[in-house]
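Below: one structure, written as structure tokens.
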Amino acid sequence: MWRPAMRRPFGKPVLGSPLQILLLACSFALAAYAGVRLLAGDWFGVALWFVGAAVLHDLVLVPLYAGADRAVARGLGAVGRREWTLYVRFPAAFSALLLLMWFPLISGQMAEHYRLATGLSGDGFLARWLLITAVLFGGSAALLVLRLFRSSRSSRSSGPSRPSRLRRATNERPPADH
């Protein structure tokens, strides 16, 4: 169970239970071991890759997908359907994540290396990614249609809308001083 950090009267923070401290020490030890093993071969190349990935993500990718998300939200807001943004945002983000992870194989750059390493053909990754993307957007569209169908059905059968029922219920309630 999570507890907020408590302070002792003299300003020293309470560290936690002995089990929490042991788990934290073990996780630091495991991270240090992984770091030593990772950096043992080509430490400069690994460090350059991490720095390059952070710079590429922060300076190129974040503005790109933030701008694309803003454009989708504005476009849907212009037609009065801003609440549909999530139905575009999720499949697009998941598809982009898959593209980012599997780009060397999707682009075909590593097909021969993949075949030599695994004995399997490196072809077909682009078609599979496109199929997964289509399924993601199709499933999202199906969920949106289901939501619209349910909301139109409930608005026709339930009579007054929920906010008007709540307003009526609060107007009929006796004052708080009774």
All heavy atoms of F149 vs all of S152, minimum pair found to be O-OG, 3.0 Å

Of R115, M110, Q109, which meets side-chain contact (heavy atoms from CB on, under 4.5 Å) against E112?
R115

Note: L136 and F90 closest approach over all heavy atoms is CD2-CE2, 4.5 Å

Interatomic spacing from CZ in F137 to CG in L144 - rounded to 0.5 Å:
12.5 Å

Show, in sequence, the C-alpha distance, side-chain angles and deciding distance for M101 and L97, and conclude whether the side chain to side chain contact (heavy atoms under 4.5 Å, CB included) test is met.
CA-CA 6 Å; M101 288 173 51; L97 180 64; 4.1 Å; yes

Determine whether Y87 and L146 fall in the same hydrophobic cluster, where Ile, Leu, Val, Met, Phe, Trp and Tyr are linked whenever their side-chain heavy atoms lie under 4.5 Å apart.
no

Running the 4.5 Å side-chain criterion over Ile, Leu, Val, Met, Phe, Trp and Tyr, what cluster does L23 land in, apart from itself?
L19

Atom CZ of F94: over 12 foreign heavy atoms under 6.0 Å
no

Taking all non-hydrogen atoms of both residues, which atom of S151 and which atom of S154 are closest, and how far apart?
O-OG, 3.2 Å

Do D69 and R89 touch side chain to side chain, with heavy atoms closer than 4.5 Å?
yes

Distance (rounded to the nearest 0.5 Å) between L64 CG and H57 NE2
10.5 Å

Distance-minimising heavy-atom pair for I106 and L98:
CD1-O, 4.2 Å

Minimum heavy-atom distance W84-L148, with the two atoms named:
CZ2-CD1, 3.7 Å

Group every Ile, Leu, Val, Met, Phe, Trp and Tyr by side-chain heavy-atom contacts under 4.5 Å, then state whether L99 and L130 land in the same group.
yes

What's the shortest heavy-atom distance between Y114 and L120, and which atoms?
CD2-O, 3.8 Å

For atom CZ of F103, decide whether the heavy atoms of other residues, nucleotides or ligands shown that lie under 6.0 angstrom number more than 12.
no

Going only through I, L, V, M, F, W and Y residues with side-chain contacts under 4.5 Å, is there a path from V72 to L61?
no

So, does W102 use its side chain to make a donor-acceptor pair with the main chain of L126 at under 3.5 Å?
no

To the nearest 0.5 Å, how far apart are CD1 in I21 and SG in C26?
12.0 Å

Side-chain contact, heavy-atom cut-off 4.5 Å: S107 with F125?
no

What is the distance from atom CZ of R128 to atom OG1 of T133, rounded to the nearest 0.5 Å?
13.5 Å

